[in-house]
Number of protein chains: 2
Amino acid sequence: MRATRQRVRILESLSVLCDHPTAEQVHRQVVATDPTVSLGTVYKALDSFVAAGLITRVAAADGAARRYDADCSAHHHLYCPDTQEIIDYRDPQLDALIRDFFATRQLSGFQPQGFSLHITGTRPRLDDGQK
Amino acid sequence: MRATRQRVRILESLSVLCDHPTAEQVHRQVVATDPTVSLGTVYKALDSFVAAGLITRVAAADGAARRYDADCSAHHHLYCPDTQEIIDYRDPQLDALIRDFFATRQLSGFQPQGFSLHITGTRPRLDDGQK
DNA sequence: GTGATTGCAAAATCTTTGCAGGGAC
DNA sequence: GTCCCTGCAAAGATTTTGCAATCAC
């Protein structure tokens, strides 16, 4: 994959936007440092990144726009319907628990490759270092 | 909520479409039995149903359109990126496992209300009664 | 030089909205 | 009768696409 100026800027912006931005939000961030980058390019670049496995699309139940997640390490999501916030949640113990569960319980015909737990709840304030 | 002809038809269609249809697919199904129902009405009715808790929106990572799930009982999703299929997966043991986990581990500031596990994998063929 | 990538703008999708008329209660 | 709901069509929002020019390699 070619390292064009635009793509580098977009990747930079993704790391700045540590939440789960929409394509539009990524574009706004990119334009702040490089006003010539077009929204179409952002869409194309994000597609490329997803195809390359650099980022993932987040499954947002509500809200119209798709969102992207710059962080590809396995993690889970806390979702607050009130604020539309999506917060990363990491917990190795939880991962192990689920992984062990599927190790013993075969899903016939389905080969699990990964999983992500979406936890819905209210008033997210992860004021400890949980994130 | 008023039980209009259109809404009844839409609910019927949702139960026929046991997978996770888009608004467009619901509309096609409804029109098959009642050609006068408009797409706009389908959107409005689906919104009402979601607000009333009768159905939920499914978090589809890929694909442009939102999808709806007529089944509100707690369940998980098997997702195959190749076929874009979303398959319901139910497992009380898994539910208990996760519920117990969060019972002991408090997320500070976040009050979990529900959860859903999204399992990504390949070639789903749940040829047993797992579904 | 070659082929992937960009910018632009138009098109295609998907969803929401406004409003007058109609139906459920 | 009242107020919510419908149909329609237009608007809005989001995403994709085509193509000539440009850039990374």
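Naming: A, B, ... by sequence-line order, numbering from 1 per chain. Just so it is clear, the values below take in all heavy atoms, side chains as well, and ignore hydrogens, waters and symmetry mates.
A/Thr22 comes within 4.0 angstrom of nothing in the nucleic acid, heavy atoms only. Within 4.0 Å of B/Thr41, counting heavy atoms only, lies at least one base atom of the nucleic acid.
At whole-Å resolution of the value, CG in A/Asp47 and P in D/dT16 are 5 Å apart. What separates CZ of A/Phe49 from C1' of C/dA4 is a distance of 14 Å, to the nearest Å. A straight line from CG of B/Leu39 to P of C/dT15 spans 9 Å, rounded to a whole angstrom. Between A/Arg9 atom CZ and D/dC23 atom P the separation is 14 Å, expressed in whole Å. Rounded to whole Å, the distance from NE2 on A/His27 to C1' on C/dC8 is 12 Å. As rounded to whole Å, 13 Å separates atom P of D/dC4 from atom CE of B/Met1. Rounding to whole angstrom units, CZ of residue B/Arg28 and C1' of C/dT13 are separated by 13 Å.
Ranked by how close their nearest DNA chain D nucleotide is to the 5' end, B/Arg2 and B/Asp34 are led by B/Arg2. Remark on DNA chain D: of its neighbouring residues B/Ala45 and A/Gly40, the 5'-side contact belongs to B/Ala45, judged by nearest-heavy-atom nucleotide. Residue B/Tyr68 is the one, among B/Tyr68 and B/Arg5, whose nearest nucleotide of DNA chain C lies closer to the 5' end (criterion: closest heavy atom).
With hydrogens and angles ignored, the 3.5 Å screen pairs no side-chain donor or acceptor of A/His76 with any backbone N or O of A/Asp95. Formation of a donor-acceptor pair under 3.5 Å by the B/Gln29 side chain with backbone atoms of B/Val26 is not found in this model.
Residue A/Thr4 places at least one side-chain N or O closer than 4.0 Å to OP1 or OP2 of C/dT6. Note on A/Ser38: a side-chain N or O is less than 4.0 Å away from OP1 or OP2 of C/dG7. The phosphate of D/dG7 (OP1 or OP2) has a side-chain N or O of B/Gln6 nearer than 4.0 angstrom.
Residue B/Ala23 has its side chain nearest to C/dT15 when only D/dC5, D/dT16, C/dT15 are considered. In this structure, of D/dT17, D/dG7, D/dC25, it is D/dT17 that holds the atom nearest to the side chain of A/Lys44. For A/Arg7, taking side-chain heavy atoms from C-beta onward, the closest of the listed nucleotides C/dT6, D/dT6, C/dG7 is C/dT6. Distance from the side chain of B/Tyr43 is smallest for C/dT16 among the nucleotides C/dT6, C/dT16, C/dA24.
A/Arg105 and B/Gln93 form a side-chain donor-acceptor contact under 3.5 Å, judged by distance and modelled atom types alone. A side-chain N or O of B/Asp69 and one of B/His77 form a donor-acceptor pair less than 3.5 Å apart.
Two residues are said to be in side-chain contact when any heavy atoms from C-beta on lie closer than 4.5 Å; A/Tyr79 and A/Ile119 fail this criterion.
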